[in-house]
Amino acid sequence: MNTNQLTAITDQQLQLEINQFVSELSTQFKKVLVITPDITRTCPLERIIPKLQKSLIKNSMHVDYLVALGTHRYMEIRDIETMYGIDDTNKYNFDKSEIRNHRWKDPGTFKTFGSVELIEGDSSSLVDIQLNKCIEDYDVLLPISPVFPHEIVGFSGGPKYFFPGISGGEFLQKMHWHAVCIGREKLMGIKDTPTRRLIDRAARLIPKPVRYITMAVDMHRIIRQFSYGKYHDSWDKTVEVSKKIHIRHVGRQYKRVVAKAPEMYSELWTAGKAMYKIDQIVETGGKLILYGPHIKAFSHMWNKYVYQMGFHTIDYLLANEEKFNKIPRGVLSFSANVRGQKKEHSCNIDEPRVDLVMATGIPEKECDKVNLTYMDHQGLDWKEIEKDPDTLVVEHAGEILHLV
């Protein structure tokens with residue numbers, strides 16, 4: 001869809017919406033925890049946070065901020081402030097607010113708030129729900145989330161900013177593995193999925209009231225839709241707009257796709273989304289070239305496991321479960337998602353349908369160690385690529401779901 005058909009939300013409209021929302025909040029709550037994405041999402045927080053902060057303190061509300069990292073790398077406070085649009089002109093408004101990372105690597109961060117049933121095939125198990133215990137210190141929790149098609153839950157946003165945003169433990173690992181076993185092709189771009197229902201059940205255990213700000217943002221960081229309120233008053237509306245601007249039907253498959261990873265992805269852990277969102281439009285036996293000279297690592301936080309396991313199809317991982325039983329399930333899920341589907345009718349269960357080619361800043365010898373194809377990113381012939389009718393170049397790859 002041409003995003004120009006959707007109205008861009010102006011700063012004046014944003015302020016009016018935020019003021020109305022905060023006015024409603026202030027009649028019930030006084031202490032707010034705002035939960036935000038990190039830098040690996042296209043989200044113009046710099047337009048939202050200063051307006052939100054000003055409105056909250058004007059209504060005599062105390063507010064703190066928590067970056068929902070999931071299992072991403074911790075951010076420096078100065079980088080969070082830049083992301084939030086905090087500068088010398090407005091910093092005084094944040095003097096009484098605490099801004100911090102979700103410190104997921106510290107076991108002391110978490111508290112268990114109950115358990116939910118996870119059903120896989122013919123078996124089921126109860127899985128503990130652990131969340132950052134700081135949520136108990138607030139009257140209301142306020143996640144701010146852009147919404148995109150997502151490989152684990154169908155669409156991001158809403159309670160996903162709790163799971164895995166500020167959650168930990170067994171649930172986080174099992175949820176990702178559960179999604180991979182279902183198959184991301186059966187989840188992405190679908191509103192109602194088994195994994196979405198799973199986190200919805202987990203969200204019922206959150207011990208505090210939750211209100212949401214959700215938005216649909218295009219690749220130019222333009223806000224095309226902005227909603228607030230309870231879960232289904234906010235997220236549901238945004239998903240419908242996200243379907244229009246974040247799902248692209250190209251009408252055919254290509255022998256080769258060059259996916260240009262944006263700078264916000266500094267590792268394959270996040271840049272792998274380019275593979276997840278695009279490989280369905282690559283022919284069987286074709287290549288998806290991940291172009292990103294700025295990508296220097298497979299994973300900042302999980303590299304040791306990446307080198308232990310390499311990248312494999314889900315069929316291979318399931319056939320060799322004992323070999324990988326010491327690898328966290330979330331990391332195994334990363335491996336399977338990056339490798340992609342097994343090539344149909346192949347005798348080799350680890351032969352992928354599409355070959356992911358790494359034209360990144362990761363050296364050839366490192367790619368060889370983990371079962372990935374290497375390409376020198378400096379050797380790409382862009383003139384030849386542009387002329388080839390069987391090659392598609394995708395800019396800002398990783399957030400738009402490409403389908404035939």
Side-chain angles (χ1 to χ4, degrees), residues 36-46 67-85 99-105 145-146 148 150-152 156 160-161 164-165 172 176 217 219-221 257-279 288-307 309-311 328 330-331 333-335 337-339 356-370 372-378 380 393-400:
T36 75
D38 64 6
I39 57 170
T40 64
R41 303 290 185 270
T42 298
C43 184
L45 290 171
E46 72 282 358
V67 181
L69 293 171
T71 57
H72 294 174
R73 184 165 57 173
Y74 294 173
M75 292 183 66
E76 297 290 337
I77 292 301
R78 63 179 179 275
D79 294 329
I80 299 174
E81 290 181 345
T82 299
M83 179 176 72
Y84 284 178
I99 299 173
R100 59 192 185 275
N101 288 292
H102 166 60
R103 306 195 72 83
W104 60 270
K105 289 191 290 183
S145 60
F148 300 98
H150 194 270
E151 64 276 8
I152 301 299
S156 63
K160 189 179 175 295
Y161 275 73
L172 185 153
H176 282 77
V217 183
M219 296 303 98
H220 302 290
R221 300 178 64 82
V257 173
V258 181
K260 290 186 173 181
E263 293 287 335
M264 66 182 180
Y265 300 147
S266 63
E267 56 181 342
L268 187 59
W269 187 265
T270 49
K273 290 179 180 294
M275 174 69 170
Y276 316 158
K277 304 285 178 67
I278 297 174
D279 68 341
L288 191 150
I289 299 172
L290 178 62
Y291 178 78
H294 58 282
I295 299 168
K296 307 293 186 183
F298 298 114
S299 173
H300 297 309
M301 309 307 303
W302 303 97
N303 241 9
K304 72 171 185 177
Y305 292 117
V306 171
Y307 282 105
M309 67 178 181
F311 291 93
V331 187
S333 304
F334 167 56
S335 171
N337 272 329
V338 166
R339 193 68 171 158
L356 175 63
V357 180
M358 297 288 289
T360 67
I362 302 174
E364 182 175 10
K365 64 179 181 179
E366 303 306 313
C367 291
D368 289 343
K369 290 177 183 177
V370 297
L372 290 179
T373 303
Y374 169 84
M375 173 183 284
D376 182 357
H377 63 81
Q378 295 179 326
L380 282 170
V393 177
V394 177
E395 304 285 345
H396 196 91
E399 290 181 331
I400 302 292

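These numbers come from the heavy atoms of this one structure, side chains and all, not from hydrogens, waters or symmetry mates. Here the structure is a predicted model, which means the values were calculated and not measured.
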What one should report as the nearest heavy-atom pair of Ile295 and Leu268 is CG2-N, 3.8 Å
Would a 4.5 Å heavy-atom cut-off, applied to side chains only, mark Thr42 and Met264 as touching?
yes
Pro262 backbone acceptor or donor facing His294 side chain under 3.5 Å:
yes
When you compare the side chain of Val393 with that of Lys260, does any pair of heavy atoms fall below 4.5 Å?
yes
Does any non-hydrogen side-chain atom of Asn303 lie less than 4.5 Å from one of Trp269?
no
Check whether any side-chain heavy atom of Asn101 sits under 4.5 Å from a side-chain heavy atom of Asp38, and report yes or no.
no
Is the closest side-chain heavy-atom distance between Trp104 and Met301 below 4.5 Å?
yes
Under a 4.5 Å cut-off applied to non-hydrogen side-chain atoms, are His72 and Ile39 in contact?
no
Output field: ring centroids Phe298/Phe334 closer than 6.0 Å:
no
If you define the side chain from C-beta out and look only at heavy atoms, does anything of Lys369 sit under 4.5 Å from Tyr307?
yes
Nearest-0.5 Å distance, OG1 of residue Thr82 to CG of residue Leu45
12.0 Å
Say whether, by atom type as modelled, one donor and one acceptor occur between the side chain of Ser333 and the main chain of His176 under 3.5 angstrom.
yes
Is the shortest side-chain N to carboxylate O distance from Glu151 to Lys273 below 4.0 Å?
yes
If only side-chain N and O atoms count, and only distance matters, is there a donor-acceptor pair under 3.5 Å linking Glu366 with Tyr374?
no
Using a 4.5 Å cut-off on heavy atoms from C-beta on, say whether the side chain of Ser266 contacts that of Arg73.
yes
Derivation and outcome, side chain to side chain contact (heavy atoms under 4.5 Å, CB included), residues Thr360 and His377:
CA-CA 6 Å; Thr360 67; His377 63 81; over 6 Å; no
Are Arg78 and Glu81 ion-paired here, with the side-chain N under 4.0 Å from a carboxylate O?
no
